[in-house]
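This report refers to the structure that appears directly beneath it.
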Amino acid sequence: MAQISFPLDQANEALDQFLNDGARERDGRRMARNVLDAQNRDCLAVIIDPAEHHELLDARRAFHKSQQPKDDASLPPGYRPYLHSPNATVNRLLPTEPLNAPLAHALFKKAFEELTSDERDYVTGVAISVLLRATFDPDSQGAVPILMVSHSDDDPEPRQYWRLAYKTDIDGLFLRADANGIFGEEWSIVTGSGWRIASGWWDREDAGRAVAAIARVLPYIDWMDTDPDDFTDRSKNALAATIRRYHYAGIRENQSEPEPLTAH
């Protein structure tokens, strides 16, 4: 893809040329323009053809999707940490060490420390295979552990901690109950990546309807991997509009139904 660079004080000219000069790549797309900083070193912005933009978005989504393991139909239903835990899609945590001793004894009748390098590699491979298929019994209420980000204002530094939340029909969106509300339980919507989207629903069904609406309005967001930096002004506004309609006190008919966004 050919690119033409412009200094910062010629940013308007870069956009004008992109839209009007007719220069095209072999595939018929407009040639990209880079806008550099005042020192002509760092790139501040890239103006690209919409088709190129959509290809990049599709490639990003395809990459993230490829990084997520698919459930095996031969496994029983339940909660598999490697597949369903938030950290599974980010850090790929596979703590094989606790399995070293029992597997070494079962496979080689020796302590793990006494194994050769090849034997240790074999034990590690078996341990990984076991962890990929490890399944917790399903909770009767659909609760699963979520590694949450602390939202307490008096925390001296960011921290994470395990909390229980309830699965919904939307992958990566969960409901969490707080019993400290004036009217009893208050429900929060949290992401699989550990962030709280909103809270204050008095009824779990109302919170569940809000979850479904949020997923419909923002269908492109990977809720198991997202963080606040992933939200643009458009997506923030769409999220706020959805919560205004699917309010904690029930659906507000005086608020219009938000339209789905097709991209950020």
Side-chain angles (χ1 to χ4, degrees), residues 45 50 53-54 56-65 67-68 84-90 142-153 155 158-161 163-178 180-183 185-264:
H53 176 250
H54 288 305
L56 292 172
L57 287 178
D58 290 343
R60 181 180 184 275
R61 294 190 192 106
F63 172 77
H64 282 289
K65 186 175 182 179
Q67 299 304 297
Q68 298 180 13
H84 301 131
S85 168
N87 268 10
T89 56
V90 180
V144 297
I146 296 291
L147 192 60
M148 293 288 298
V149 178
S150 171
H151 295 284
S152 178
D153 293 334
D155 270 348
R159 63 188 178 93
Q160 294 178 308
Y161 52 95
R163 305 296 292 269
L164 287 178
Y166 296 95
K167 294 180 69 175
T168 70
D169 292 334
I170 306 302
D171 289 339
L173 287 178
F174 300 82
L175 296 177
R176 174 163 170 76
D178 184 341
N180 293 328
I182 294 177
F183 301 104
E185 290 180 331
E186 285 190 358
W187 293 88
S188 301
I189 300 174
V190 299
T191 68
S193 52
W195 294 91
R196 186 175 62 211
I197 293 179
S199 61
W201 280 270
W202 301 337
D203 183 82
R204 181 174 176 177
E205 290 187 4
D206 287 338
R209 278 191 286 268
V211 165
I214 289 171
R216 180 185 62 80
V217 173
L218 301 172
Y220 53 83
I221 290 182
D222 180 356
W223 299 105
M224 290 296 282
D225 190 41
T226 193
D227 62 43
D229 293 336
D230 291 334
F231 287 83
T232 63
D233 289 340
R234 288 184 68 225
S235 54
K236 289 177 183 177
N237 291 337
L239 179 59
T242 305
I243 293 174
R244 281 196 299 270
R245 174 167 172 78
Y246 292 86
H247 195 250
Y248 61 82
I251 297 178
R252 285 178 164 176
E253 296 297 344
N254 62 341
Q255 298 289 324
S256 60
E257 188 75 34
E259 293 295 325
L261 297 185
T262 56
H264 288 268

Quick one: pull up OG1 in Thr191 and CD1 in Ile170 and give me the separation to the nearest 0.5 Å. 14.0 Å
Please round to the nearest 0.5 Å and tell me the distance separating atom CG of Asp203 and atom CD of Glu186. 12.5 Å
Could you pull out all residues at least two apart from Asp171 that satisfy side-chain contact (heavy atoms from CB on, under 4.5 Å)? none
What distance do Ile243 atom CD1 and Ile189 atom CD1 have between them, rounded to the nearest 0.5 Å? 6.0 Å
Work out which heavy atom in Ala249 is nearest to a heavy atom in Trp202; give both atom names and the distance. CB-CZ3, 4.3 Å
Residues in salt bridge (charged side-chain N to carboxylate O under 4.0 Å, His left out) with Arg209, at least two apart? Asp206
Residues two or more places apart in sequence or in another chain: which of them pass side-chain contact (heavy atoms from CB on, under 4.5 Å) with Val217? Ala238, Thr242, Pro258
Measuring from atom CD1 of Ile251 to atom CD of Glu257, what distance do you get when rounded to the nearest 0.5 angstrom? 7.5 Å
Minimum heavy-atom separation for Gln255 and Arg245, please, with both atom names. O-NH1, 2.7 Å
What is the distance from atom CD1 of Ile197 to atom CD1 of Ile214, rounded to the nearest 0.5 Å? 5.0 Å
If every non-hydrogen atom of Leu175 is compared with every non-hydrogen atom of Gly208, which pair is closest and at what distance? CD1-N, 4.1 Å
What distance separates Arg176 CZ from Trp187 CH2, expressed to the nearest 0.5 Å? 10.0 Å
Suppose we screen for side-chain hydrogen bond (donor to acceptor under 3.5 Å, both in side chains). Which residues come up paired with Arg244, at least two apart in sequence or across chains? none
How close do Lys236 and Phe231 get, counting heavy atoms only, and between which atoms? CE-O, 3.5 Å
Residues that Asp227 engages under side-chain contact (heavy atoms from CB on, under 4.5 Å), provided they are two or more places apart: Trp195, Asp229, Asp230
Looking only at atom types and distance, does a side-chain atom of Ser235 sit under 3.5 Å from a main-chain N or O of Thr232, one as donor and one as acceptor? yes
Checking Trp201 against Tyr246 for the ring pair (Phe, Tyr, Trp, His ring centres under 6.0 Å) test, could you report, in this order, the C-alpha distance in whole Å, the side-chain angles of both residues, the deciding distance, and whether it holds? CA-CA 10 Å; Trp201 280 270; Tyr246 292 86; 9.5 Å; no
Which residues satisfy the side-chain contact (heavy atoms from CB on, under 4.5 Å) test with Glu259, sequence neighbours excluded? none
